[in-house]
Amino acid sequence: MPQPQKRIPKSFFTRSDVLQVSRELLGQHLITEIDGERTVGRIVETEAYHQDGDKACHAYAGRRTKRTEVMFMEGGHAYIYLCYGIHHLFNIVTGKADVGSAVLIRALEPVHGQPLMLERRGMERLEKRLTAGPGTLAQAMGIKKAWTGTDLTDPPGPIWLEYGDQIPSADNIAESARIGVGYAGECAQWPWRFTIAGNPWLSR
DNA sequence: CCCGTGATACACT
DNA sequence: GTGTATCACGGGT
């Protein structure tokens, strides 16, 4: 028996509805492999960003800069940037080329490689703060800013996504306002944050 | 509540 | 080219 195709294909990410992609990313697995060491996390919290009308989006109104250029790549690429001088934030670009939209991964449930994640975070014991937040999960997974622009669907990459085995039903997906975007005026209140309701690994 | 941290974006020479 | 306000955070008080 051949193994089922587990890696999430490009067609998943190139769809134009970033809200739908954000919802469907819940329950999927984010995987990194560095020097043969693999870490796996189940996505439990996402946020959507889109250039059209969304003032919280770095690509708002089609604004292209050196940093945001990768947001205009075809869906399925990584957009990684440094926030507040310390934290690497990992996003997945969505949609067609030349449209700036992406999904921020905000929290993971550790699935595999917890000892290495703990080491990267300088922690002794498994507790929520290991991966509950976009900056901490990037550190736990060993995500590097140099990976921005990487094609997440092109093996063998250091980072990719696979279908998870526990996908939440629509009833178990909660929507709320995005975190930390108060500067974006009325857009800050849009319910573009998606979580697996009640999951213990959520941020905040 | 407070603040470290450094890249980035953009205004202005 | 240079100055500087800002930031999709996290940890501690």
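A, B, ... follow the sequence lines: proteins, then strands. Residue 1 opens every chain.
Between the side chain of A:Glu45 and the main chain of A:Ser203, a donor-acceptor pair closer than 3.5 Å is present. Side-chain atoms of A:Ser22 do not come within 3.5 Å of backbone N or O of A:Val103 as any donor-acceptor pair. Under a 3.5 Å cut-off, the side chain of A:Thr65 and the backbone N or O of A:Thr68 do form a donor-acceptor pair. Without hydrogens or angle criteria, A:Gln28 side chain to A:Gly164 main chain gives a donor-acceptor distance under 3.5 Å. With hydrogens and angles ignored, the 3.5 Å screen pairs no side-chain donor or acceptor of A:Gln189 with any backbone N or O of A:Ala177.
If you check the side chains of A:Arg121 and A:Gln139, you find a donor sitting under 3.5 Å from an acceptor. Judged purely by distance below 3.5 Å, without hydrogens or angles, the side chains of A:His58 and A:Tyr79 pair a donor atom with an acceptor atom.
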Under a cut-off of 3.5 Å for both distances of each Watson-Crick or G-U pair, what dot-bracket string does DNA chain B give, using [ ] for crossing pairs and | for inter-strand pairs? ||||.|||||||.
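Once you apply a 4.0 Å limit to the heavy atoms of chain A, the touched nucleotides of DNA chain C run 5' to 3' over C:dC7 to C:dG11.
Remark: A:Arg15 fails to qualify as a cation-pi partner of A:Phe13 under the 6.0 Å distance and 45° angle criteria applied to the six-membered ring. Under a cutoff of 6.0 Å and an axis angle of 45°, A:Arg178 and A:Tyr49 form a cation-pi pair.
Comparing A:Gln139 and A:Tyr183 against DNA chain C, the residue whose closest nucleotide sits nearer the 5' end is A:Tyr183.
Among A:Leu130, A:Thr39, A:Leu118, the one residue that satisfies the side-chain contact (heavy atoms from CB on, under 4.5 Å) test with A:Pro110 is A:Leu130.
Taken residue by residue, residues 104-136 of chain A places heavy atoms nearer than 4.0 Å to DNA chain C at A:Leu104, A:Arg106, A:Arg121, A:Arg129, A:Gly133, A:Pro134, A:Gly135, A:Thr136.
Applying the salt bridge (charged side-chain N to carboxylate O under 4.0 Å, His left out) rule to A:Glu119 yields no partners; only residues at least two apart in sequence or on another chain are considered.
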Contact string for nucleotides 4-13 of chain B, one letter per nucleotide 5' to 3', B = base within protein heavy-atom range under 4.0 Å, S = sugar-phosphate only, - = neither, reads BBBSSSS---
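The stretch residues 149-161 of chain A participates, sequence neighbours left out, in these side-chain hydrogen bond (donor to acceptor under 3.5 Å, both in side chains) pairs: A:Lys10-A:Asp151, A:Asp151-A:Thr153, A:Trp160-A:Glu162.
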